[in-house]
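In what follows, every chain begins at residue 1, and chains take the letters A, B, ... in the order their sequences are listed.
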There are 2 protein chains.
Amino acid sequence: MATGRTHRPATRSRGIPEATVARLPLYLRALTALSERSVPTVSSEELAAAAGVNSAKLRKDFSYLGSYGTRGVGYDVEYLVYQISRELGLTQDWPVVIVGIGNLGAALAGYGGFASRGFRVAALIDADPAMTGKPVAGIPVQHSDDLEKIISEDGVSIGVIATPAGVAQQVCDRLVAAGVTSILNFAPTVLSVPDGVDVRKVDLSIELQILAFHEQRKAGEEAGAESGPEAGTETGAPTAPPAARTGGSSRKGPDGDVPAVMPA
Amino acid sequence: MATGRTHRPATRSRGIPEATVARLPLYLRALTALSERSVPTVSSEELAAAAGVNSAKLRKDFSYLGSYGTRGVGYDVEYLVYQISRELGLTQDWPVVIVGIGNLGAALAGYGGFASRGFRVAALIDADPAMTGKPVAGIPVQHSDDLEKIISEDGVSIGVIATPAGVAQQVCDRLVAAGVTSILNFAPTVLSVPDGVDVRKVDLSIELQILAFHEQRKAGEEAGAESGPEAGTETGAPTAPPAARTGGSSRKGPDGDVPAVMPA
DNA sequence: CCATCTTTGTGCACGCGTTCACAAAGACAT
DNA sequence: ATGTCTTTGTGAACGCGTGCACAAAGATGG
Ligand SMILES: NC(=O)c1ccc[n+]([C@@H]2O[C@H](COP(=O)([O-])OP(=O)(O)OC[C@H]3O[C@@H](n4cnc5c(N)ncnc54)[C@H](O)[C@@H]3O)[C@@H](O)[C@H]2O)c1
Ligand SMILES: NC(=O)c1ccc[n+]([C@@H]2O[C@H](COP(=O)([O-])OP(=O)(O)OC[C@H]3O[C@@H](n4cnc5c(N)ncnc54)[C@H](O)[C@@H]3O)[C@@H](O)[C@H]2O)c1
């Protein structure tokens, strides 16, 4: 997963578990597709398949919202779309600012999936004076000097950070000071924010590394079940271990992994 | 969290919990920064702060990798960088293809964070003939007709999908058929893949919706503790409920939420 | 060599999330 | 009205992840 709230770890918000909240947009997307095909009702089984989850989990998720659904029939698509939208706060308009209009920021600015769900790009902000005034995706870029003014005037509470990692924390601080209380961070840094501010992060690099881990594991177990510790291709070790293995043998890898002596 | 594995739900890979694997890149990033500052050792407390996690959790995570670390001192930065890199499979080179070189795909292609960690953009692939041959971020775009050839020749096992949602599944199918076993999906669709293929997704829209949920909740509890069911501003309800509330009163929202009768 | 002090590694308890399995609800046919 | 059949809503069990708290390890100083 690319995200995770930063502060406020275990806050069961209004009785709805965090894991459920994270799935509601998934259900909503599937339901919207059904709605566009004028499908009137859907069973938990069908909807769960469309959303890629277990049907029991889906029913339990919906049970947190209340007792919608009719036994023997299923759920009314339009009604459920409305209920989930309302629960997620999508019946109102959310102005969003994007800070850092480089490659990624520009792509985000032009992304149609924004407007489709109650989000509106209120402003694009960049520190580069050469960008100021230049329209990106039809919206003129504004200079970061005006950040505070823009946020307070438009009542923006959600900010997207697409700046280089080095300046992300200070951009974040300015956003928070100006009144933003939700931040979506694309920069590969840990942001620290005061209580009451939510941060979610999207990190491409982390996702790829997780995939690489599993990929390596797949390749490893395919090449013979147990060929002993680390069969081939060491790719050059760095320095020596700290105070390498003087005497004791506490324990090694979880199950007969490579011993803690460093190669070369 | 923007992601989540799709199939193969509870696979404790090689004894390392999935949650730990997801944090390893975070530690690695923090450690790399320390390494660049030539910091020789770091305590679990310091490193945990830098990575934004609990120190006990960090120590437990590292304990799955083995007993590195020296009591009373901490962890050797270089050594740990190497161990985590190796565990994540970053000591080898991973060729990656990006399919769909539009706004997002082009941004990804130019992203420096790729190369920095053992990932190499092996090819950019698009279905638009007008794109073919055109260099994006210094790499010429290839036509999707050649997808299979590219993947088998370069031995690509990781694919990134940045096409429109409508074609994502068929692109995915082709990637998998050609030998790709790990997919990072940016299109807002649920991909179905055979066993043995890992899918991770990044969905901007979902992240924003989760933020909106919490944002709404913050605004709600700030405006008076319990003002009864749904104080103001109904934003127009759609159709009527399915077989609305004939007699029984099973139960409503979890804690005195809006009653299940629809407004208007 | 011994004492002290720092920091790791982990046992343990707890809470969240997932899944199974089933009783009850209600649609629908007769 | 009654019976059958589908599907919901949820109780209960289980496993994973988290964080506390502490014993043991080992560095450091005398
Ligand atoms: N491009 C990608 O695919 C991608 C993927 C994942 C993460 N990221 C991350 O997203 C961020 C942006 O990536 P990018 O490729 O668009 O980089 P970029 O260099 O193209 O864009 C960065 C933009 O931020 C602006 N900026 C710099 N400092 C600023 C400040 N203090 N206030 C406001 N604006 C400021 C710059 O003028 C520039 O326009 C980086 O942190 C990168 O690591 C990018
Ligand atoms: N732009 C964003 O910020 C953003 C954010 C989140 C998600 N997404 C998603 O990422 C995807 C791409 O977004 P975008 O803004 O770059 O769209 P885009 O329309 O700019 O680019 C899509 C590209 O895919 C190519 N394509 C179409 N069919 C193809 C096929 N069968 N094989 C290969 N290439 C094909 C098109 O030629 C085009 O170049 C979409 O699914 C979008 O929903 C985009």
Side-chain angles (χ1 to χ4, degrees), chain A residues 1 4-5 8-13 15-23 40-49 52-76 79-80 241-254 260, chain B residues 1 4-5 8-13 15-23 40-49 52-76 79-80 241-254 260:
Chain A
M1 199 124 111
R5 323 245 320 277
R8 203 131 53 128
T11 312
R12 264 282 194 100
S13 325
I16 300 182
E18 191 59 30
T20 295
V21 172
R23 282 188 294 269
T41 61
V42 64
S43 71
S44 63
E45 205 70 48
E46 292 166 323
L47 186 55
V53 301
N54 181 299
S55 71
K57 182 157 37 176
L58 178 141
R59 287 197 298 276
K60 184 149 287 186
D61 283 342
F62 286 173
S63 79
Y64 292 114
L65 308 184
S67 286
Y68 316 134
T70 309
R71 289 167 195 239
V73 175
Y75 298 89
D76 181 87
Y79 186 57
L80 207 44
R245 204 58 45 207
T246 46
S249 67
S250 45
R251 81 182 193 76
K252 309 291 168 17
Chain B
M1 198 139 79
R5 324 248 317 280
R8 201 131 53 126
T11 310
R12 263 287 192 96
S13 325
I16 301 182
E18 191 60 30
T20 295
V21 172
R23 280 188 295 267
T41 60
V42 64
S43 71
S44 64
E45 206 70 48
E46 292 166 324
L47 186 54
V53 303
N54 180 299
S55 71
K57 184 159 33 181
L58 178 141
R59 286 196 299 275
K60 184 152 290 186
D61 283 342
F62 286 173
S63 78
Y64 292 115
L65 308 183
S67 285
Y68 316 134
T70 309
R71 291 169 194 237
V73 175
Y75 298 90
D76 181 88
Y79 186 57
L80 208 43
R245 208 55 48 205
T246 45
S249 66
S250 44
R251 81 184 196 75
K252 308 293 171 7

Original post:
Relative to the 5' end of DNA chain D, which residue comes earlier, A/Val42 or A/Lys60, by the nucleotide with the nearest heavy atom?
Top reply: A/Val42
Original post:
Roughly, in whole Å, what's the span from CZ in A/Arg23 to P in C/dT19?
Top reply: 9 Å
Subject >> Listed nucleotide nearest any side-chain atom of B/Ala56, set D/dA27, D/dT10, D/dG19 >> reply: D/dG19
Subject >> Options C/dT8, D/dA27, C/dG9, nucleotide nearest the side-chain atoms of B/Ser63 >> reply: C/dG9
Original post:
Looking at A/Ser44, does any N or O in its side chain come under 4.0 Å of the phosphate oxygens OP1/OP2 on D/dT8?
Top reply: yes
Original post:
Nearest-Å distance, CD (B/Glu45) to P (D/dG19)?
Top reply: 13 Å
Original post:
Between atom OH in A/Tyr68 and atom C1' in C/dA25, what is the gap in whole Å?
Top reply: 18 Å
Subject >> Spacing of B/Leu58 atom CG relative to D/dT18 atom P, expressed in whole Å >> reply: 12 Å
Original post:
Within the distance-only criterion (no hydrogens, no angle test), does the side chain of B/Ser43 pair as donor or acceptor with the backbone N or O of B/Glu46 below 3.5 angstrom?
Top reply: yes
**OP:** May I have the step-by-step check of side-chain hydrogen bond (donor to acceptor under 3.5 Å, both in side chains) for B/Asp76 and B/Thr41, ending in yes or no?
**Re:** CA-CA 4 Å; B/Asp76 181 88; B/Thr41 60; over 6 Å; no
Subject >> Spacing of A/Glu18 atom CD relative to C/dC16 atom P, expressed in whole Å >> reply: 12 Å
**OP:** Would you indicate whether the side-chain heavy atoms of B/Leu47 and B/Phe62 approach each other to under 4.5 Å?
**Re:** yes
Subject >> Minimum-distance nucleotide to A/Arg59 side chain [options: C/dT18, D/dT10, C/dT8] >> reply: D/dT10
**OP:** Assess the pair B/Tyr68 and B/Tyr75: is the distance between their ring centroids shorter than 6.0 Å?
**Re:** no
Original post:
For A/Asn54 and C/dC20, is the shortest distance between a side-chain N/O and OP1 or OP2 below 4.0 Å?
Top reply: yes
Original post:
For the pair made of CG in B/Asp61 and P in D/dG17, what is the distance, rounded to whole Å?
Top reply: 10 Å
Subject >> Rounded distance in Å - CG (A/Leu47) to P (D/dT6) >> reply: 20 Å
**OP:** Please tell me if the side chains of B/Arg59 and B/Ser63 come closer than 4.5 Å, counting only heavy atoms from C-beta onward.
**Re:** no
**OP:** State whether A/Arg71 places a side-chain N or O below 4.0 Å from either non-bridging phosphate oxygen (OP1 or OP2) of C/dC22.
**Re:** no
Original post:
Quick one: is A/Tyr64 getting a side-chain N or O under 4.0 Å of the C/dG17 phosphate, OP1 or OP2?
Top reply: no
**OP:** To the nearest Å, give me how far apart NZ (B/Lys57) and C1' (D/dC16) are.
**Re:** 13 Å
